[in-house]
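This one's a predicted model, so the numbers in the text were calculated from it and none came from an experiment. Note that ligands are numbered from 1 as they come in the structure, with each ligand's atoms numbered from 1 the same way.
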Amino acid sequence: MNLTKIIFLSINHFLSEWFTFDPQMFLMGRNIIFLDEVDSTNNYAKQLVSDGAANGTVVLAHFQTRGKGQPGNFWESEAGKNLLTSIILHPGFLEAGKQFLISKIVSLSLVDLLTPEVNDVSIKWPNDLYIGNRKVAGILIENSIKGSTLDSSIIGIGLNLNQLVFHSKAPNPVSLQQLNGKIYDAQEMLKGFFQYFEKWYRLLEAGKFQQIDKAYLGKLFGFNQWRNFRKDNETFEARIFGIGEFGQLQLEDRSGKITEYMFKEVEYIF
Ligand code: BTN
């Protein structure tokens, strides 16, 4: 890896600053790698996984030269303005077929983090964080499977904090500062995220899937509302009926027929 690693902090050095409670209880933030510049924190984390990185290892960067969005998209983020992070997990307890639950708990943790800051926080299926009609954060999860369970999960999060101008063609981007004028510290936000994520992760480990599903639906943008959607250039009216086990969007049309869609098969029309 020919990347600029500016500081590497281990648990002993850093925990007292980050956690005032028993560090043994917590998974994330024991090992944080701070990078000034990297192509993509997810790519860097992928290399760490190959090198045997421990559960809960975190990569945090000021700038990405090739930040990855959802397949085929670039993730725009001005240097030093936003939160760009990837978290490595080894959720060996989770069946491969249940991997969408990871998306759900990451999204819910971000909802918890953002709710005290701004109004109207929701999750736009499958895992975009929206404030009203504008996207404030994106999640890119890259899982690997061993046998019937997950071997590793790289959870990439881009959260727009202080950027005031966006240049890419991404639909309706927004930052927290644009919404409320406050200046945010990426490390503080990450620390807040860990606290919420730990809670959801423990529920996942404990198999509380229904509780997670219910919370996700409760925050899902447009859930149960009649709205317009588009598939193959055709617009149709439907409402979100639910989410399938593998993360499929279940839409009900006016005749009561329910159809399932995979990611990118259908889009919301605002
Ligand atoms: C999306 O398009 O909605 C997903 C965006 C994910 C962006 C984050 S930024 C940190 C991590 N590293 C990447 O290259 N991508 C994710």
### Query
Using a 4.0 angstrom limit on heavy atoms, which residues are close to ligand 1?
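If the criterion is a heavy atom under 4.0 Å, then ligand 1 touches S40, T41, N42, Q64, G67, K68, G69, Q70, W75, L84, T85, S86, D128, K135, G138, I139, L140, G156, I157, G158.
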### Query
Atom OG in S109, atom CD1 in I157: separation rounded to 0.5 Å?
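It comes to 7.5 Å.
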### Summary
d(I88 CD1, L48 CG) to nearest 0.5 Å is 4.5 Å
### Query
Quick one: do E205 and R202 make a salt bridge, cutoff under 4.0 Å?
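Yes, this pair counts.
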### Query
With sequence neighbours left out, what residues match A238 under side-chain contact (heavy atoms from CB on, under 4.5 Å)?
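Counting only residues at least two positions away or on another chain, A238 forms a side-chain contact (heavy atoms from CB on, under 4.5 Å) with F229, F236, L251.
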### Task
Sequence neighbours left out, what pairs pass side-chain hydrogen bond (donor to acceptor under 3.5 Å, both in side chains) with at least one residue falling in residues 235-252?
K98-E245, E237-R254, R239-E252, Q248-E260, Q250-E260
### Message
Tell me every residue that passes salt bridge (charged side-chain N to carboxylate O under 4.0 Å, His left out) with E117, counting only those two or more places apart in sequence or in another chain.
### Response
K182
